[in-house]
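Keep in mind that what you see is a predicted model, and the values were worked out from it rather than measured. Both backbone and side-chain heavy atoms feed into the values below; hydrogens, waters and symmetry mates do not.
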Amino acid sequence: MGPRSAGSGARLPERLSSAGRALAGGGADRVAEALRDLVAEGALVPGTRLPEDATSVSLGVSRNTLREAFRLLVREGLLHHELHRGVFVRSLTTADVADVYRFRRVLEFAAVDGPHDPVALQRVHAAVEEGRAAGRAGDWDGVGTANSHFHAALVALAGSPRMDESMRHLLAELRLAFVVVADPRPFHEPYLEDNARIADHLEAGERGRAGRLLAAYLDRAEAQLLAAHG
């Protein structure tokens, strides 16, 4: 399987329509959230053009609402606007990837090092099982999505809505970086058991061991992505 590009946008109208049904006339924030989720799930890939007319119809929102949502996502770095051409899903540079990982370390290490609610820990374990199930099914893109859920659950251990929101933005950006990964299986598969070990260390109260494993994990993942982009 080669790197995906705007050509994979054949499914785009269907996915947008599905998102639109859940919006129920929401404002720009909800539209931005729906588009952000599609990026985070890998449904909107770098280079995908989002024509204003077709996108507003698919989402069932006004063009003014869509424009405001676009402005929000341009500020977040997920979309970019080209004069006379329209709005596109953005491609990340190596500097973007490095900065995403820089901020990830701040959020994830802070969450791992703090006190952990048992219910929040259950969500970490659930993301581990989600990834294993996707791996057994041979759904390696699904493994990537489960991995995002795992890291979101790690940050959620801190109990901070602001940290959660920041992590959602980072994970959506990070999904854009994965477009250069030609074969997702060898990239994602080794991290399945790393996720499980981190979850087990946290369950046992071994924050230091979890943090050290997470540090090596993020270093390795960043190096792999930078090499792929380089």
Side-chain angles (χ1 to χ4, degrees), residues 1 3 39-42 92 94 96-160 163-164 166-230:
M1 181 174 114
V39 171
E41 292 166 11
L92 266 62
T94 55
D96 292 324
V97 173
D99 198 39
V100 165
Y101 272 87
R102 191 175 298 122
F103 193 20
R104 280 189 71 181
R105 289 180 176 90
V106 172
L107 293 175
E108 295 191 48
F109 291 159
V112 164
D113 196 42
H116 304 140
D117 175 71
V119 174
L121 270 174
Q122 287 175 11
R123 290 195 289 271
V124 175
H125 286 292
V128 170
E129 293 309 314
E130 178 190 355
R132 285 172 164 168
R136 288 192 296 269
D139 179 8
W140 298 102
D141 284 334
V143 171
T145 298
N147 193 51
S148 292
H149 294 165
F150 173 81
H151 290 281
L154 278 186
V155 171
L157 292 171
S160 166
M163 289 175 67
D164 292 340
S166 294
M167 192 61 177
R168 278 193 292 272
H169 294 181
L170 282 183
L171 289 173
E173 276 196 272
L174 191 60
R175 194 65 183 245
L176 297 179
F178 286 130
V179 74
V180 301
V181 177
D183 184 354
R185 178 171 184 170
F187 182 91
H188 291 302
E189 189 169 26
Y191 295 104
L192 285 172
E193 292 313 307
D194 283 345
N195 289 349
R197 286 193 287 271
I198 290 170
D200 288 343
H201 287 320
L202 293 174
E203 188 72 47
E206 298 167 345
R207 299 177 193 170
R209 295 182 71 181
R212 288 190 292 274
L213 180 54
L214 178 62
Y217 176 128
L218 293 179
D219 287 348
R220 188 167 77 251
E222 180 184 15
Q224 286 176 287
L225 272 183
L226 288 174
H229 276 263

The reported gap from OG in Ser160 to CE in Met167 (rounded to nearest 0.5 angstrom) is 12.5 Å
Correct closest heavy-atom pair for Ala210 and Val112 would be CB-CG1, 4.0 Å
Contacts of Arg168 meeting salt bridge (Lys or Arg N to Asp or Glu O under 4.0 Å) (sequence neighbours excluded), chain-then-number -> Glu165
Quick one: CG on Leu192 to CZ on Phe150, what's the gap to the nearest 0.5 Å?
10.5 Å
Taking the side chain as every heavy atom from C-beta outward, state whether Leu174 and Tyr101 have any atom pair closer than 4.5 Å.
yes
Donor-acceptor list for residues 196-203 side chains, cut-off 3.5 Å, not counting sequence neighbours:
from	atom 1	to	atom 2	distance (Å)
Arg197	NH2	Asp194	OD1	2.4
His201	ND1	Glu206	OE1	2.8
Glu203	OE1	His125	NE2	2.9

Could you give the distance from CG (Leu107) to CG (Leu154), rounded to the nearest 0.5 Å?
11.0 Å
Report the residues that fulfil salt bridge (Lys or Arg N to Asp or Glu O under 4.0 Å) with Arg102, sequence neighbours left out, ordered by chain and then residue number.
Asp99
Test side-chain contact (heavy atoms from CB on, under 4.5 Å) applied to Leu225 and Val181, step by step
CA-CA 8 Å; Leu225 272 183; Val181 177; 3.9 Å; yes
Please list all pairs meeting salt bridge (Lys or Arg N to Asp or Glu O under 4.0 Å) that have one or both residues in residues 107-121, counting only residues at least two apart or in different chains.
Arg104-Glu108
Might you point out which heavy atoms bring Phe109 and Gly211 nearest each other, and give the distance in Å?
CE2-O, 4.1 Å
Exam field: side chain His229 to backbone Ala177, donor-acceptor pair closer than 3.5 Å:
yes
Determine the minimum heavy-atom distance between Ala110 and Met163, stating which atoms define it.
CB-CE, 4.2 Å
Residues two or more places apart in sequence or in another chain: which of them pass ring-ring contact (aromatic ring centres under 6.0 Å, His included) with Tyr191?
Phe187, Tyr217
Verify, without hydrogens or angle tests, whether His116 (side chain) and Ala111 (backbone) share a donor-acceptor contact under 3.5 angstrom.
yes
Measure the shortest side-chain to side-chain distance between Pro184 and Val143 over non-hydrogen atoms and say whether it is less than 4.5 angstrom.
no
Only one of Glu41, Arg175, His188 clears side-chain hydrogen bond (donor to acceptor under 3.5 Å, both in side chains) with Thr145; which?
Arg175
Could you list the residues that satisfy salt bridge (Lys or Arg N to Asp or Glu O under 4.0 Å) with Glu222, not counting sequence neighbours?
Arg105
Heavy-atom closest pair (Ala98 atom, Leu226 atom, distance to 0.1 Å) is N-CD2, 4.3 Å
